[in-house]
Each structure stands twice: as structure tokens, then as C-alpha cells.
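Written below as C-alpha cells is the structure these notes are about.
Being a predicted model, the structure only gives us computed values, none of them experimental. Throughout, a chain's letter reflects where its sequence line sits, starting with A, and its residues are numbered from 1.
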Amino acid sequence: MIASNAMANPENQAPEGALSDRYNPADVETRTYQWWEKNGYFKAQDQSTKPPFSIILPPPNVTGQLHMGHALDHTIQDVLIRYKRMSGFNAMWLPGTDHAGIATQSVVERELKKQNLSRREMGREKFVEKVWEWKKQYGDRIYEQMRRLGDSCDWDRATFTLDDGVSKAVRKVFVDLYKKGLIYRGTRLVNWSTALESAISDLEVEHKETKSILYYLRYAVEGSDQSLEIATTRPETLLGDTAVAVHPDDERYSALVGKNVLLPLTGRKIPIIADTYVDKEFGSGVVKITPAHDFNDYAVGQRHKLPMINIMEKDGKINDHGGAYKGLKMQEARKRIVEDLKNAGLLIKEDSLKNSVGYDSRTGVVAEPFLSDQWFAKMPELAGAAKRVVETGTIRFEPEQYAKTYLHWMNIIEDWCISRQLWWGHRIPAWTCEKGHYTVAEQDPAKCETCGSTHLKQDEDVLDTWFSSALWPFSTMGWPNDTEALKTFHPTSVLVTGFDIIFFWVARMIIMGLEFTKDVPFRKVYIHGLIRDSEGKKMSKSIGNALDPVEMIDQYGADALRFTLMAQLSAGRDLKFSEQRLEGYRNFMNKIWNATRFALGAMTDFKAPADGVNAKPNAADLSNADKWIIFETGEIERTVERALEEDRFSDAANALYHFVWNDVCDWYLELVKPVVYGEPSAQRSATQLVLAQTLNRVMRLLHPFTPFITEEIYKKLPINSAALIIESFPTTRNDKEWLSLGSKEAAFEMQIVKETIAAIRNIRGEIQIKPSVAINVRLAPSSAQVGDILMRNQPQIMRLARLDSCTVGDAGNLAKTAVQPVRLPDASVDVIVPLEGLVDIAEEVKRIQKTLEKAQKDVQILSGKLSNENFVKNAPAELLASDRALLAANQERVSRLQDSLKRLS
RNA sequence: ACAGGCUUAGCUCAGUUGGUAGAGCAAUACCCUUACAAGGUAUGGGUCGGGGGUUCAAGUCCCUCAGCCUGUACCA
């Protein structure tokens, strides 16, 4: 009945027919995944009577590899999907990959460079072909890695952002927005990456604090011997200056406004203007204005209708307007110009200055403000509705604080530069004729809309990758057609992603979703943090501290990795990943495995009941331990369900860890041993059934977190079904019948038994009695009821605490004894171990004193509280009662301990 | 500068309507007790960042200071 489980390590080789004493994930995972996939368990139905639950996966870069961030992101989603699938939902998780324009193009370009090829030499068509080849070769790698992690995606729905369906959606959206005037083409100052030779969006610019030099330059005023002192960090841009500006209220310069200065080195004449943008206090109070190379200067230029002189080529070299400096890179030009100014005596001084400089986040080069023709989307016009759905709670953020981040950005949102001068991506559906008329259409047009010319040329640019990403929740479901998938799964239930792409992606999806589907794309956004290394540093390839999740899976198993992530997850917060912790959860997997091994061994003669999970033993045959573990099963079902419904994944995971390890393994299995090893009886059969039913529920509860090991074990359980993955997730509602066998009284009784045993063990440990030495114990209960409980459980207590004898009765004489009180809200037991011959008097006194001090402190705190009139007046009755009971018990204990001390001295 | 977050045991972190501080790991001691040494049993360890306030009662609510982190904006 039990499959043999040959291990790679011969030391751990299991005998034929038994489970190995170590869980070996490698034996299980791939086989199990393939079995799930082959049986179609991941598939969702476009039409179903079940309620829908849908998630779209944030598509990873198609050429990328799975990193820890993905592992976290995916595990959260997979836990949700598996949980909902088991809870009777039509659960659909849609996977996909992103063409990732810049990233992928760069990777392929780098490869080509190794072969001494360049994309420009190859030409667009050939290059794009190469990228597709690359995609074919590596595009599925990440999908395979996702399978290793256990992602239960509906693979039939896998979508690539350049698929035909998505492309159609992209074109439609572009054309619609263009026709509504929400997309336009304009000549504007944009952020330019000279490495990519492309525009980039504001979001792709990373501002970094940089040590710069502030140069003070002398500009001569025309027709006088006066000159102006001008402070700048970018002297090279003086080649493009078209004015110098002062503050209108600055008396130092008011006489000069309207005159001209002569630009150093070139002698070009430019006006002195007045503008409130200038800060009188900064530098000399005079600013050079370079409208084509600075965003603020651009604004000043617009106000004063200044000419714009672009001095830079796309590759970052000075152009014709730079005269002698033509052909130099901006940085080189700066050096040369400073040198020349110095030689001409026009450099007054240099100061150091800390300022923030924008860099292209992708390539790390300085992002240059650059005047160029680009396509823009009018985001402020589109943002209103997207703001409202978050303000009104139609879309909720988890944790909520990110709603603020989102709204803040939405309030200052600016037009989005959507065109990129790349070749890999969605080509912009706009054509020009020789007269320069634009035709924007979904289908490639045959002639110009305006003049009918048939000589059309498509725009060379592609769209920002995030443009197609913004449509993802509906473009993947067949939009603009009104498909069954859309009707069923859109809006999606939840979006799970990192805070780093709230603006890039989340906000834009909400905007586009509302504009085109008239609905939100998802109802909830679950934001998680970053995975850091054990020292809190960001994991990165370049630092070399990035752990490869696939390697972790090879070494510890996917379940252990998943559990580690979930146990530590706290919404919106970064988490530090330590391999040590992973090892701990690997041990947990082993614990589960071995508990099963024990249980199966204890049930070799157990006949699987016909009614499976509904099979119930005769209540009269149940032991207190049985009733207790059933009670705890109800508690864990309640806790896990509530936690998962509230996205508190770590609460669910930690509760399960505790339940399985402490309740089931440490106590229940230990308590059950004499029963299951004993002679066949009605009670033994009942216990076997409880064991089988409990394990069945443990596997179902754990499955979303640790799918592989639970599916594997489930197959071997006496009570099971065809597949765990589609079994029902146990809740206090659907498991009511079974849980009705548990009882609170049993739990109370167990608590007394457990604590009593713990107290005896404590004494043993404290006075160093070897486990092999059996001892005698006297138990003094606080009431007859507690006494009955102790009597009933005497055999268990004796076995688990290794006692020779155990009597229940009055505390009696405490001389030459060790006393350990057990305190519960409604019960109390004094555990008394006679020490005759076991320990010396001094030790004994020390022990009693320690116990006494504790009790005295309790008395002090409690009586202080209870003598406070206001406390007695205001505190709830229950608290008052339990505090009073506690006080009484401790007072009694204090006097007894003092008594014993007296007798010893 | 603005916004948000963090500060609890040696480490990583829980702590959900305020009611004498919890977990995991690490440490220490003792145990190969027939599911598991990737194990068992027990132990030590915290004035909950500082100060103030509200309250009978504050890790929890309010104010304030400090340190760290993350966004966003600006910087000639």
C-alpha cells in the first residue's frame, strides 16, 4: 500500500515498502506537478456555476529568470488560487510574459555584440527576427521555473504581450485615445537616454544625490564694461543658452533687464530677462537659460518666447550648434569648455554642490533633457476616474497606506511619453504621407486619410512596454471582443504585486481599465515588499547576494521555500530572507513526513471507512485526547480561514506550523501511542479513525502553502480522494459534523494535563533528575473537579512525565519537596515532587525561594490593582473575578511556601 | 521639503476593538525514549527608542524629540 521511496542518499535508503525517514522533495515535486497538469486541475472554466476568482500574473520579462521577488509574488498568488480552488471557486490564474522592450532588446544587442554585430548594421527587420529567435529559445525558461515553484496557473491561457490578441487591443486603445484627443504627437522636452538613444518616461528616470561642481562664469554685458556672474553646474549647455535671467525684484540687476549679454566663447548675443523663477539668494542671482536642455529653463523659455537651441545629437554628442565643440560628448564638452573659460579668464570660481541628477534607471547614464518629437498620452485628463475608484474604496489597497501613495502620484501626474525609439515592441499604428499628414488606424491604411496619398510610411517608434501592460487585465481575455472569459473573470479578484510598480503598472491599469472596460481591472491590490538578504541588503546580481530560488528548491524543496516566504510575509513590508530559516521549514516538512510515517504505521490494520471524510466514530469510544485534537482542529480551521480571508498569510502559516508541530506531533501523537500500539478495541479503532481524519484535514489545510508534500502524503492516507488539489478546504462550516465531536471540556482537561506534565518535567530539568530515573509525584488540585481530571489522566501523566507513582490529594507537608504551581484561569494544581535523596537542602531552599518570589510579586500586583477603587468600579466583571481568584490562589500559595521554608530552616 | 513607514528577547519579527509581553531561530543543560538528532525535554533572556499626556489600566490612543528606511518633489 505504501510506495517505496528510494532516496538518492543510500544512507537514508528506506527498506522496501516503507517511507524513507527523510522527506526527499526531489522524488516528489516534478512527478506531482506533471500529474496535476496532465489531469487539468489548473484549468478554469469560462462558463461555470461556481463563483469566479481570478488573478492575472504580473508578467515577468520573457527573457528573465525567476528570482526571489518572483518566488514571493507567485507564492502569494498560488496560495490564494489554491485556497479558492479548494473553496469551490472557479479559480483562474492567468500567466504571461512581457516582451520588456528595452530589457530584451539590450540583452539581444549584447549577444550580437559578442559576434561583432550591431543592430543598426543588421537593420530593423533582421534584428527583430533575431529577438524573436531569442524569445523562442529562452521564453519558456521562466515558465519551467514557475512550475518548479508549484504555480498552478491555467497554462492554456498563457499570453505574451506581443501576441496577436494583445496587439489588436493595443492598436485599438491607441487609435481610440488618439481620436479622443488623449494621445497626441508633440515636440517637447523629454528625458532622453543617450545610451538607448530613446526617450524614456519620467518614471524611468532615477534621481540620485550627486556631488557636482557649481561653476561661476562671467558673461559680458553688451556695450558696457559690466559683466554678470552666472552660476551653473552644466557649463557645456551655455552653447544652447538663449537668455540669462534675474529676479524682477532684484535691485542689483534691474537696470540691466532688457539689455543683452555676449555668450562667452561664442560671442552670441542673448537678452537679459526677468523671471520670478530665479532665486535671488542662490549663487549670484543670475541664471543662464537653456530651454532645450533643462525642464525649468524650458518653462521660462515658453513664458518669454525664447528660441530653443538644441545642441545635442541623439547619442549625446554636441551637434552643429556647438561650433568648435561639435562631436564631443556632453561630459567631454564640459571639460573643454571649463578649460577654455579658464584660459579666457571667464571662470570666476568653482564650488562643490550636492544636487540630485537624473539617470536612466535602465542603463545608468545621465538622463538628458532633450527636445524631440514624441507621442504623449494626456494622463491628467484620464486620471480623475482612476482616483475616484480608490478614494471610494471600489479598489482597495492592502495595506491601505499605499492608497495614499497612489493618490499622491495621481494628483501630480503629467503627460506620459509613450513612444520609444526602439525596435522591439508594439510599433505605433501611425503613418505619414509625404506631405506629413498623420493617419492613425487599427488596420494598416492603404492611403492617407487627409490627402489620399498612397505613399505611407509607418512611424518608426514603438510604444513604451508599460502601454501594453496597462491593458493586461482585459487584453489577455480577448478584449475588445465580449468574450466569455471577460464576462466571467473581469474584473479580476486581486492584483498581487510589489510597491515598486504601483505607478508604472497598477495606476495605468486602473486608468486604462476604466477608460475601456468601464470597470475596474481588479477589486483589490495586495502590495508586498522586497526580498532582502539576511543582512537587509537588496538582493542584486551585481552585489552577488542574490539567492536563486531554483537552487533553493533543489536544495530544500519548493514547499519549504514557499512556507518560509509565507511565514515571514507581512503586507507591504520587506522581508529578510535567511537560509537558516529556510532550513527550519525544511525540517518542518520532514516533521510532517515523519508524523505521517508514524500514523500510517499505527494504522496498518485500519480499514478505510466507506464514507471517507464523513466517517465518524462512536462518540462514547473517543478518548479525551481525541476530543481535544478535534476541538483544536476546529480552532485551526477557524484561524486559517479568517487569516486567509484577511490576507494575513503569515498568521495562517504560523498557526498551521504550531498546530501540526505542537498540537498534533508533540501531544496528540504521543498521547495516542499506547492506544494504537495496544490491543484492538473499540477505543483503538476510534482513535485510528481520528488519526486518519485529522491527517486528512492537516493535508487539506496545508495544501495551499505546501502543495507538493501534502499531495504526496494525501495519496497514501487511508482517508483521501483522487486529488488533494481539488479537495474542499476545511472550514468550521463544511466540517461541522466532524468538529461536533470535539469539546471545549476536553480542551480544558487537556490543558490541565499538559501543564501538569510540563510542570513535572520542569522540576525534573531544574533539579537535574535524569530522564531515566522515574520519580514520585503528588498532585494537589484546587478543586474536586480538577482532581477528577487528574485521576482520569493519571496513566498519561505517568507515562509522559516518566513517573513511578502519582497521587492526587492535599498539598500536605511541603518540606523536602519541589513545588511547581500550575496556574490556569479556572483551575490550579500544585505539583509536588518529594526530594528525599534526590537533591540537597540548599538547592531546595533556593528553588522554593524562587517560586515564592514569583508568587509574592503576583500578590503584590494583583492586590494593588484590586485595592484601587477606580479599577474595581470600571473594570469588566470577568476581569475582576479572574483577578480575584488569581489573587486568592497566590496568597494561599505564598503562605504554603513560607511554611515550607520555615520547616527547612 | 513633503508623504509614508520602522524602532518590542542576541537575530528576524508577531502583537486585530487598550486588561500583569509572544513565536521562530540562536544560546545553555540533559537525553540516540521503537515517526522524526532535519529529533525530544527543559532553561535563561525584554524598564516594548527617549520624554510627556489621556485612562482605573498604554507595546497598543494623542503630542513631542531622536535614529533609521522608502517614496515623491526641487536644486543655477
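Remark: the separation of the C1' atoms in B:C65 and B:A38 is 48 Å, to the nearest Å. As rounded to the nearest Å, B:G59 and B:A21 have C1' atoms that lie 8 Å from one another. Nucleotides B:A58 and B:U8 place their C1' atoms 14 Å apart, quoted to the nearest Å. Nucleotides B:U43 and B:U47, compared at atom C1', are 23 Å apart to the nearest Å. Comparing B:C6 with B:G49, their P atoms are spaced 12 Å from each other, to the whole Å. Rounded to the nearest Å, the gap between the P atom of B:U60 and that of B:G5 is 16 Å. Rounded to whole Å, the P atom of B:G19 lies 43 Å from the corresponding atom of B:C36. Taking the C1' atom of each, B:G10 and B:G46 are spaced 11 Å apart, rounded to whole Å.
The base of B:A35 is paired with the side chain of A:Glu670 by a donor and an acceptor separated by under 3.5 Å. Between the side chain of A:Lys591 and the base of B:C36, a donor-acceptor pair under 3.5 Å is found.
Dashed line: the shortest gap from a side-chain N or O of A:Asn587 to OP1 or OP2 of B:G39 is under 4.0 Å. Residue A:Lys404 places none of its side-chain N or O atoms closer than 4.0 Å to OP1 or OP2 of B:G5. Here A:Ser650 does not reach the OP1 or OP2 of B:C13: none of its side-chain N or O atoms lies under 4.0 Å away. Taking side-chain N and O atoms only, A:Tyr406 has no distance below 4.0 Å to OP1 or OP2 of B:A3.
Among all heavy-atom pairs drawn from A:Ile763 and A:Val833, the shortest one is CD1-CG2, 3.5 Å. For the pair A:Ala243 and A:Leu306, the tightest heavy-atom approach, listed with the atom from each and the gap, is CB-CD1, 3.6 Å. Nearest heavy atom pair, residue A:Val28 against residue A:Glu712, reads CG1-CB, 3.6 Å. Minimum interatomic distance between A:Asp500 and A:Phe504 (heavy atoms only, all atoms of both residues): O-CD1, 3.7 Å. Between A:Leu575 and A:Leu569, the shortest heavy-atom contact is CD2-CA, 3.9 Å. Nearest heavy-atom pair across A:Met603 and A:Ala692 is SD-CB, 3.8 Å.
Distance check, rounded to the nearest 0.5 Å: OG of A:Ser361 to NE2 of A:His207 gives 10.5 Å. The distance from atom CD1 of A:Ile757 to atom CG of A:Leu803, rounded to the nearest 0.5 Å, is 8.5 Å. A:Asp559 contributes atom CG, which lies 11.0 Å from atom CH2 of A:Trp593 (distance to the nearest 0.5 angstrom). To the nearest 0.5 Å, atom OH of residue A:Tyr668 and atom CG of residue A:Asp663 are 12.5 Å apart. Rounding to the nearest 0.5 Å gives a distance of 11.0 Å between CZ of A:Phe295 and CG of A:Asp297. Taken to the nearest 0.5 Å, the CG atom of A:Leu862 stands 11.5 Å off from the CZ atom of A:Arg884.
Rounded to an integer number of Å, the gap from CZ of A:Arg597 to P of B:A35 is 8 Å. In this structure, A:Gln688 places its CD atom 16 Å from C1' of B:A35, rounding to the nearest Å. Atom OH in A:Tyr298 sits roughly 20 Å away from atom C1' in B:C74 (whole-Å rounding). Rounded to an integer number of Å, the gap from A:Ile527 CD1 to B:G5 P is 15 Å. Atom P of nucleotide B:A35 and atom CZ of A:Phe598 are separated by 6 Å, given to the nearest angstrom. As rounded to whole Å, 15 Å separates atom P of B:A38 from atom CD of A:Gln555. One interatomic measurement links the two molecules: CZ of A:Arg764 to P of B:U33, which rounds to 15 Å at whole-angstrom precision. Across the protein-nucleic acid pair, A:Asp21 atom CG and B:A38 atom C1' stand 10 Å apart, rounded to whole Å.
Using a 4.0 Å heavy-atom distance criterion, A:Asp500 is classed as making no nucleic acid contact. Looking at heavy-atom distances under 4.0 Å, A:Asp297 makes no contact with the nucleic acid at all. A:Arg802 comes within 4.0 angstrom of a nucleotide base, judged by non-hydrogen atoms across all strands. Nucleic acid contact class of A:Lys288 (heavy atoms, under 4.0 Å, all strands): none. The residue A:Leu862 sits close to a base: some heavy atom pair falls under 4.0 Å. Among the heavy atoms of the strands, none lies under 4.0 Å from A:Ser578. A:Phe588 comes within 4.0 angstrom of nothing in the nucleic acid, heavy atoms only.
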Short heteroatom pairs, N/O only, protein and nucleotides 70-73 of chain B, under 3.5 Å:
none

What's touching nucleotides 17-19 of chain B from the protein side, N or O pairs under 3.5 Å?
none

Short N/O separations, protein against nucleotides 21-27 of chain B, under 3.5 angstrom:
| unit_1 | atom_1 | unit_2 | atom_2 | d |
| --- | --- | --- | --- | --- |
| B:C25 | O2' | A:Gln580 | OE1 | 3.4 |

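You'll find the ring centres of A:Tyr556 and A:Tyr585 outside the 6.0 Å limit.
Residues passing the side-chain hydrogen bond (donor to acceptor under 3.5 Å, both in side chains) test with A:Glu398, sequence neighbours excluded: none.
Across the interface with RNA chain B, nearest-nucleotide mapping of A:Asp858 and A:Lys208 shows A:Asp858 to be the residue nearer the 5′ end. Of the two residues near RNA chain B, A:Leu669 and A:Arg573, the one whose nearest nucleotide lies more 5' is A:Arg573.
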Reading RNA chain B 5' to 3', how would its secondary structure be written in dot-bracket notation, given Watson-Crick and G-U pairs with both distances under 3.5 Å, brackets [ ] for crossing pairs and | for partners on other strands?
-> ((((((((.[[[[.)...(..]]]].(((((.......))))).....[[[[[..)....]]]]])))))))....

Stepwise side chain to side chain contact (heavy atoms under 4.5 Å, CB included) check, A:Phe659 with A:Val698 | CA-CA 9 Å; A:Phe659 174 69; A:Val698 165; 3.7 Å; yes

May I have the step-by-step check of ring pair (Phe, Tyr, Trp, His ring centres under 6.0 Å) for A:Phe397 and A:Tyr402, ending in yes or no?
-> CA-CA 6 Å; A:Phe397 276 80; A:Tyr402 284 103; 7.4 Å; no

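Both cation-pi conditions hold for A:Lys673 and A:Phe598: the charged atom is under 6.0 angstrom from the six-membered ring centre and inside a 45 degree cone around its axis.
In summary, A:Arg252 and A:Glu229 do not engage in a salt bridge, as defined by a charged side-chain N under 4.0 Å from a carboxylate O.
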Reading 5' to 3' through nucleotides 42-49 of chain B, protein heavy-atom contacts under 4.0 Å coded B for base, S for sugar-phosphate only, - for none = SS------

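Heavy-atom neighbours of A:Glu209 CD from other residues, nucleotides or ligands within 6.0 Å: above the threshold of 12.
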